[in-house]
K.L.:
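Sharing a structure below in C-alpha cells format, with a few things to ask.
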Amino acid sequence: MRVSELFGKTQREIPAEADIVSHQLLLRAGMINQVSAGVYSYLPLAWRVLKKIENIIRDEMNKAGGQELTLPVLQPLELWQETGRDKAFGKGLFTLLDRRERNLALGPTHEEVITQLVSHHVQSYRDLPKLLYQIQVKFRDEPRPRGGLIRVREFTMKDLYSFDMDEAGLDKSYQKMLHAYKNIYDRCGLPSMLVEADSGAIGGKESHEFMLLTESGENEIIYCPTGDYAANAERAESVKEKIDGGEPLPLEEVATPGMTSIEDVSGFLGISRSHTLKAVFYIADGEFVFVVIRGDLDVNDIKLQNALHCYELRLATEEEVIETGLVPGFASPVRISGIRIVADDSVPATSNLVSGANKPDTHIKNTNYSRDFVADIVADITLVEAGDSCPKCGNKLESTRGIEAGHVFKLGTFQSEKNGAYYVDENGESHPIVMGCYGIGLGRLMAAAIEQNHDDKGIIWPLPIAPYQVYLCPLYREDTNVSEIVEKLYSELENEGIEVLFDDRKESPGVKFNDADLLGIPIRVTVSPRTLEKDSVEIKLRSEKDSALVPLAEAVTRIKKTIEGASTS
RNA sequence: CGGGGUGUGGCGCAGUUGGUUAGCGCGCAGCGUUUGGGACGCUGAGGCCGGAGGUUCGAGUCCUCUCACCCCGACCA
C-alpha cells in the first residue's frame, strides 16, 4: 500500500477527547474515528490489525476443536426473559420494538441464542462434546463508555461456548481454552497473566480472566510473587489475621462521645481496630442490609453482592440509615430486628468486639457473635489489599493493574436448564448440558496492545499484529535514482508476500520518520541518496534504537529473515 | 443516576466590562525554493461560534432551557 493512497491521515496534535495513550495514538494514527460515545469507525489500518488478531484467535480456536458459526445480533427479548438475564443486564441491554411492537434485544452476548440452537441439534450424548464459536459484533449500553476502545458499546468479540455431558467434560474443555488463550496472547506478542475472576451474580463457579498488565488497566490484580496465586481484586482472597479476643465477657456499655469512626473509637478506647466491629449499610435491590466486618477490614462490594445474590447494590445514605431507626456512627447488630444482617467470616472468628450501642455517643464492649447476635448470611466479604497474606502460601500479596483481555467461565447447567438444552445418556436418562463460555474482545485487545507497546513517538506494534510489516521510506532527491530503486524494491517485497507500507509521498524526512514511528510499523527500510552511495538500504526496527546498513542486493532476504525471526521467537 | 469539565473551520486553541469584516497555530489547495527527524516564502479555500428561546439598538460574549462529548464515582462477563 502506498501512503499516498492510504485512507486515513496522521495527526500531529493530541485530540482533546483522549485521555489514555492507546486512545490518543489510535486517533493520531488515523486508525479510529468516534461516531458516538463508545461507538467507533475503524479505518483500514485498524481493520488490518483487528483482522490479524481475529485470524490468530480463529486459528487457535480451530486447533482446539472449535467450530465457527454465526449468530444473530437481533434477538427476541423473550429468550432473555427465559433465563432472567434481561434483569441481570438491566439497562445494559439495548432493546427495541419492531413494527409489530415486539420486543427485541441487540445481543450483548450469545449464550441464550446458542443454547437454544444447540437444544435443536443435540439430543444424545453421542452429539457431545461440542465447541462452537463466533466472532461478531455485540452491543452493550455501558453506563459509562471510556478509554477509547477499552470500554465501548458496540464491539467485536470472539465467544466460544462449550457443551459437555458432565463436569469432567467441562473441565477438559475449560483446560483446552485456557491453553488456547495463552497461545493467542503469546502469538500476538503480548505477555498475559491468568487470574481468578469473579463470575458475576449468575455466573457459574469457576472463572478466570486473562490480564494484559499495564498501569492504565481498569482492573486491580492481587497476586503472590511466588506465582502460586493471582486474582482480580474483585474476588481475591487472603488468609485473615487471627485475632484473639479471649473468653467471651459480659456486654458493657461505654460512653464514646462523638466517636463515630473505627479510627476514633479504637483510638479513644486504646484498642486496635481489629478488636472493633465495623458496621456498613447497603441497599440491595431496594432492601436495607446491615453488614458487619471486623474493624481492620473493608467490605468488597462484589463479594457482598454475590453473597446476597442481588442485582443492584449500593451504599445506603445517612438518611436511609436514620429512617431504619439506626444511629449512624453508633449502630449495632445487637438487639435489632427486621433487618437482614450479613457478617464477614472474620466476625464469628473474633470475640469481645467493640460495637455501637444503637444510641448516640455510646458503644458496647464484648460483643460476641452467636451469643449477642446472629447474621442471616456469613461469608467472606473482605476486600483484599497488597500486603495481605496469600491464601496458598501465606506470603505477602502484591498488587498491579491490567486490562481484561479475555474472560472464561464455567457456566454449568444454569443456561441449558433455562433454555431447554438437554441430552439423553447411555441409559436413556435426560440431563442438562454442561456449559462453559470463553470471550475475547478484539478492539480492547488492540488497545491493550498499544498500552503495552508504545513510546513517546507512537505505537510499537508487535510484528504478528502490525498493520504492515515494513515501512518503506524513500528520501527523494531529484537528481538521483532513489525513485527507480525503491519502486523495484517495493514490488520485490510485495512479491515475497511481505506487507509493505510504501511512503511514496514527497514529504521531508522528518515527516516520514515521525509518521513511521507514530504508526509503529515494526521494520523501517530507508532508501536515500546517502544509503545508495554505499549501494545499501537502512533497516531499523521500531522497537530498537539502532539501525543497520544492508547491501541493496541482500535487502529482501534480510527483511524476510527479520520477519521470520520475529515470528518464531 | 450523582459530581466536575468542554462545545468557536479537519485538529489544537484564543476571543477583554456585550460593539462593526471572528482570530492564531497545525493541516488543506496553488506556485516557487527545500530534503536524514514534523523545512521556508508567497497566494488562497474553509466558520448557521453545539441547538432553541430570550434580554438588547447590537450577542461567540448576558439569561433560560436543551443536546452532545470527556473525566471521577455508581455501574459493568
Side-chain angles (χ1 to χ4, degrees), chain A residues 8-20 23-24 27-28 30 33-39 85 88-93 107-111 138 140-148 150-153 155 157-159 161 197-204 207-210 218-219 232 234-235 282-283 301-302 305 311-315 317 404-411 415 436-441 444 456-458 473-480 482 505-518 524 526-533 537-538 540 547 549:
Chain A
K9 279 205 176 100
T10 57
Q11 263 176 228
R12 199 173 296 194
E13 282 173 290
I14 300 171
E17 303 287 75
D19 245 31
I20 68 165
H23 192 196
Q24 293 174 349
L27 287 168
R28 286 188 55 210
N33 191 264
Q34 181 165 3
V35 177
S36 168
V39 180
R85 292 213 307 166
F89 270 97
K91 288 188 177 162
L93 198 62
T109 174
H110 287 72
E111 281 88 4
K138 316 228 173 185
R140 291 181 195 177
D141 198 357
E142 294 288 346
R144 185 152 87 87
R146 74 182 87 166
I150 297 297
R151 184 165 226 86
V152 292
R153 298 194 298 168
F155 56 101
M157 181 179 237
K158 185 282 305 176
D159 243 344
Y161 306 97
D198 175 63
S199 52
I202 301 194
S207 171
H208 287 88
E209 288 165 332
F210 283 84
E218 287 189 300
N219 301 278
N232 190 313
E234 289 175 354
R235 74 151 279 152
Y282 286 84
I283 304 291
D301 291 2
I302 305 274
Q305 184 171 3
Y311 293 122
E312 259 193 302
L313 184 72
R314 62 171 173 85
L315 283 169
T317 62
E404 175 191 348
H407 200 156
V408 299
F409 298 81
K410 288 188 179 177
L411 293 177
Q415 197 81 35
C437 77
Y438 316 84
I440 296 185
R444 183 185 283 186
D456 57 347
K457 287 287 193 182
C473 189
L475 302 179
Y476 297 112
R477 191 176 280 159
E478 280 182 8
D479 55 340
T480 64
V482 169
R505 297 172 301 172
K506 303 273 183 288
E507 289 286 353
S508 69
V511 170
K512 291 184 173 186
F513 289 152
N514 278 296
D515 274 347
D517 288 347
L518 175 58
R524 188 183 77 195
T526 307
V527 183
S528 71
R530 192 196 284 183
T531 67
L532 291 181
E533 263 174 35
V537 301
E538 178 200 85
K540 180 186 172 297
S547 59
L549 274 184

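The sequence lines fix the lettering, A, B, ..., with proteins before strands; numbering per chain opens at 1.
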K.L.:
State which of B:C71, B:G37, B:G12 makes the closest approach to the side chain of A:P15.
P.N.:
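Nearest to the side chain of A:P15 among the choices is B:G12.
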K.L.:
When the P atoms of B:U61 and B:G7 are compared, how many Å lie between them, rounded to an integer?
P.N.:
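Comparing P positions in B:G7 and B:U61 gives a spacing of 13 Å.
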K.L.:
Pick the closest RNA chain B nucleotide for A:E234 and for A:T531 by heavy atoms, then say which residue is nearer the 5' end.
P.N.:
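That would be A:T531.
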K.L.:
Rounding to the closest angstrom, what is the interatomic distance between B:G19 and B:G15 at atom C1'?
P.N.:
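The same atom, C1', in both gives a distance of 14 Å.
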K.L.:
Is the distance from OP1 or OP2 of B:C69 to the nearest side-chain N or O of A:S36 less than 4.0 Å?
P.N.:
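Answer yes for this pair, as a side-chain N or O of A:S36 is under 4.0 Å from OP1 or OP2.
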K.L.:
Taking only the side-chain nitrogens and oxygens of A:R314, find out if one of them lies under 4.0 Å from OP1 or OP2 of B:C75.
P.N.:
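So the side chain of A:R314 is outside the cut-off, no N or O lying under 4.0 Å from OP1 or OP2 of B:C75.
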K.L.:
Would you mind telling me which of B:U35, B:G38, B:C71 lies closest to the side-chain atoms of A:T10?
P.N.:
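Within the option list, the nearest is B:G38.
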K.L.:
Both A:L475 and A:Q34 contact RNA chain B. Taking the nearest nucleotide for each, which residue is further toward the 5' end?
P.N.:
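Checking each residue's closest nucleotide, the 5'-ward one belongs to A:L475.
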K.L.:
Quote, to the nearest angstrom, the P distance that separates B:A68 from B:A29.
P.N.:
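Looking at atom P only, B:A68 and B:A29 are 35 Å apart.
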K.L.:
Looking at A:R12, I'd like to know whether one of its side-chain N or O atoms comes within less than 4.0 Å of OP1 or OP2 on B:C11.
P.N.:
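Checking A:R12 against B:C11: no side-chain N or O falls below 4.0 Å of OP1 or OP2.
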K.L.:
Quote, to the nearest angstrom, the C1' distance that separates B:C62 from B:G73.
P.N.:
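Roughly 33 Å separates the two C1' atoms.
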K.L.:
Here's one to test your reading of the geometry: is the NZ or CZ of A:R444 within 45 degrees of the ring axis of A:F155 and under 6.0 Å from its centre?
P.N.:
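So A:R444 doesn't make the cation-pi contact.
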K.L.:
Can you tell which of B:A39, B:C11, B:A77 lies closest to the side chain of A:Q11?
P.N.:
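The nucleotide sitting nearest to the side chain is B:C11.
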K.L.:
Provide the distance between the two C1' atoms, one in B:U20 and one in B:A39, to the nearest whole Å.
P.N.:
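Taking atom C1' in both B:U20 and B:A39, they lie 39 Å apart.
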K.L.:
Rounded to whole angstrom, note down the P distance from B:C24 over to B:G36.
P.N.:
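That atom pair is separated by 32 Å.
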K.L.:
Please give me the minimum heavy-atom distance between A:G147 and A:I20, naming the atom from each residue.
P.N.:
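In this case the closest contact between A:G147 and A:I20 is O-CD1, 3.3 Å.
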K.L.:
Counting just side-chain N and O atoms, does A:T109 come under 4.0 Å of either OP1 or OP2 of B:A77?
P.N.:
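No, no such contact exists.
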K.L.:
Could you work out which one of B:A77, B:G12, B:G36 sits closest to the side chain of A:A16?
P.N.:
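So the nucleotide nearest the side chain must be B:G12.
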K.L.:
Please work out if A:R524 contacts a base, only the sugar-phosphate, or nothing of the nucleic acid, heavy-atom cut-off 4.0 Å.
P.N.:
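A:R524: base contact, heavy atoms under 4.0 Å.
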K.L.:
Which value, in whole Å, describes the distance between the C1' atoms of nucleotides B:G23 and B:C40?
P.N.:
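B:G23 and B:C40 have their C1' atoms separated by 23 Å.
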